[in-house]
Protein chains: 2
Amino acid sequence: MTDGPEEDREPRTAWSSLGDFIRSQRELANLSMRQLAEIAKISNPYLSQVERGLYKPSADVLKQIANALHLSAETMYTQAGLLDSNAEQDNHHGVEHAIKLDPRLTVDQKEALIRIYRSFAGGGSGG
Amino acid sequence: MTDGPEEDREPRTAWSSLGDFIRSQRELANLSMRQLAEIAKISNPYLSQVERGLYKPSADVLKQIANALHLSAETMYTQAGLLDSNAEQDNHHGVEHAIKLDPRLTVDQKEALIRIYRSFAGGGSGG
DNA sequence: TTGGTGTGCTAAGTCTACCAAGCACCCGGG
DNA sequence: CCCGGGTGCTTGGTAGACTTAGCACACCAA
């Protein structure tokens with residue numbers, strides 16, 4: 001669609017801001033699309049479409065781009081709306097939470113520990 | 001629900017895959033695939049495939065599942081390898097730490113829990 | 001002028017995350 | 001025996017994330 005020099009910047013989706021963000025960061029780093037794409041190991045046309053908001057990149061690609069731009073993955077995910085700004089960062093130290101996440105424990109062991117913990121703590125420290 | 005007690009368990013050192021993690025968390029929450037799929041707003045066959053490692057879910061789906069399981073999105077992303085784990089997320093350290101910080105427990109209870117936990121976890125890697 | 005190299009953008013195709021429907025199995029009741 | 005309802009798993013198909021090839025324009029050299 002050979003449009004003229006005046007291009008209307010219309011946010012057709014919520015994630016077009018992500019494209020703007022990436023583009024500004026890329027220009028800030030003085031990288032061409034092909035350069036950034038090379039570093040991030042994606043194709044340059046795809047980067048173009050991402051920057052213009054046509055596609056929503058997967059988290060994997062997002063991480064690669066963030067890495068190439070020397071940004072944290074969290075920042076990228078937040079920009080992409082995959083993470084709430086920093087409410088999620090503050091992970092509470094719940095005992096049950098920690099137990100559930102422990103890879104050394106079997107499911108049965110977790111259930112046992114949680115049962116014991118609840119009997120100690122006197123009720124639902126629900127997680 | 002209770003399938004054979006002799007199930008192939010993957011190496012204890014880490015979650016062999018995201019699917020195993022999700023399945024454990026689901027079983028820990030006493031949810032069937034259809035129930036979790038319903039809450040997470042994905043299809044039950046897809047959940048089955050994800051749990052068996054056939055597909056790698058998108059961050060969006062990951063977030064939904066995390067929410068349905070009352071886990072933080074960060075935790076899920078970390079499990080999926082999309083985020084590097086922070087000190088906050090460090091799990092086997094986390095259980096003892098969380099126990100020590102819990103104001104509901106007496107010192108004796110904490111010691112008991114930690115002893116049980118260590119017996120379960122195999123006593124390795126303290127600290 | 002022509003040619004080579006830079007930029008970003010477009011078109012057509014591949015791969016895969018994801019869904020709807022259905023299968024095989026097991027259990028309790030008629 | 002045959003149902004009805006529970007479990008997890010398989011099949012076939014769709015949408016979109018992503019790639020490889022190629023377009024159009026701009027700049028500098030011969």
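A note on names: the letters A, B, ... follow the listed sequences, proteins ahead of strands, and every chain is numbered from 1. Please read all numbers here as calculations on a predicted model, not as lab measurements.
- When the nearest nucleotides of DNA chain C are assigned to B/Asn44 and B/Lys56 by heavy-atom distance, the more 5′-ward of the two goes with B/Lys56.
- Remark: C1' of C/dG6 and CD of A/Glu38 are 15 Å apart, rounded to the nearest angstrom.
- Residue A/Ser58 has a polar side-chain atom (N or O) positioned under 4.0 Å from OP1 or OP2 of D/dC18.
- Mapping B/Tyr55 and B/Gln35 onto DNA chain D by nearest heavy atom places B/Gln35 closer to the 5' end of the strand.
- Applying the 4.0 Å criterion to OP1 and OP2 of D/dT20, one finds that A/Ser43 has every side-chain N and O outside that range.
- Across the protein-nucleic acid pair, A/Leu18 atom CG and D/dA17 atom P stand 12 Å apart, rounded to whole Å.
- To the nearest angstrom, P of C/dA17 lies 16 Å from CD of B/Glu51.
- Scanning all heavy atoms of the two residues, the minimum distance from A/Gln35 to A/Asn30 falls at OE1-O, 3.9 Å.
- No donor-acceptor contact under 3.5 Å links the side chain of A/Arg34 to the base of C/dG6.
- Here B/Val50 lies out of heavy-atom contact (under 4.0 Å) with every strand.
- For C/dC9, the OP1/OP2 oxygens have a side-chain nitrogen or oxygen of A/Arg23 closer than 4.0 Å.
- Distance, A/Lys41 NZ to D/dT20 P: 14 Å, rounded to whole Å.
- The CG atom of B/Leu47 sits 12 Å away from the P atom of D/dT7 (whole-angstrom rounding).
- Counting to the nearest Å, the P atom of C/dC19 and the CE atom of B/Met33 are 14 Å from each other.
- Of the inter-residue distances, the one linking B/Leu36 atom CG with B/Asn44 atom CG reads 10.5 Å to the nearest 0.5 angstrom.
- Across all strands shown, B/Pro45 has heavy atoms under 4.0 Å from base atoms, whether or not it also approaches the sugar-phosphate.
- For B/Glu38, the CD atom counts as loosely surrounded, since its 6.0 Å shell holds 12 or fewer non-hydrogen atoms of other residues, nucleotides or ligands.
- Within 4.0 Å of B/Gln49, counting heavy atoms only, lies at least one base atom of the nucleic acid.
- Spacing between atom CG of A/Leu54 and atom P of D/dA15 amounts to 18 Å, rounded to whole angstrom units.
- Proximity note for A/Ser32 (side chain, C-beta onward) versus D/dA21, D/dC9, C/dT7: the nearest is C/dT7.
- For the atom pair CG of A/Leu113 and OG of B/Ser119, the computed distance is 7.5 Å after rounding to the nearest 0.5 Å.
- Whole-Å rounding puts the A/Tyr46 OH to C/dC15 P distance at 17 Å.
- No side-chain N or O of B/Thr78 forms a donor-acceptor pair with one of B/Thr75 less than 3.5 Å apart.
- Of all nucleotides listed (D/dC18, C/dC9, D/dC9), C/dC9 comes nearest to the side chain of A/Arg52.
- For B/Ser48, the listed nucleotide lying nearest its side chain is D/dC9; candidates were C/dC19, D/dC9, C/dA17.
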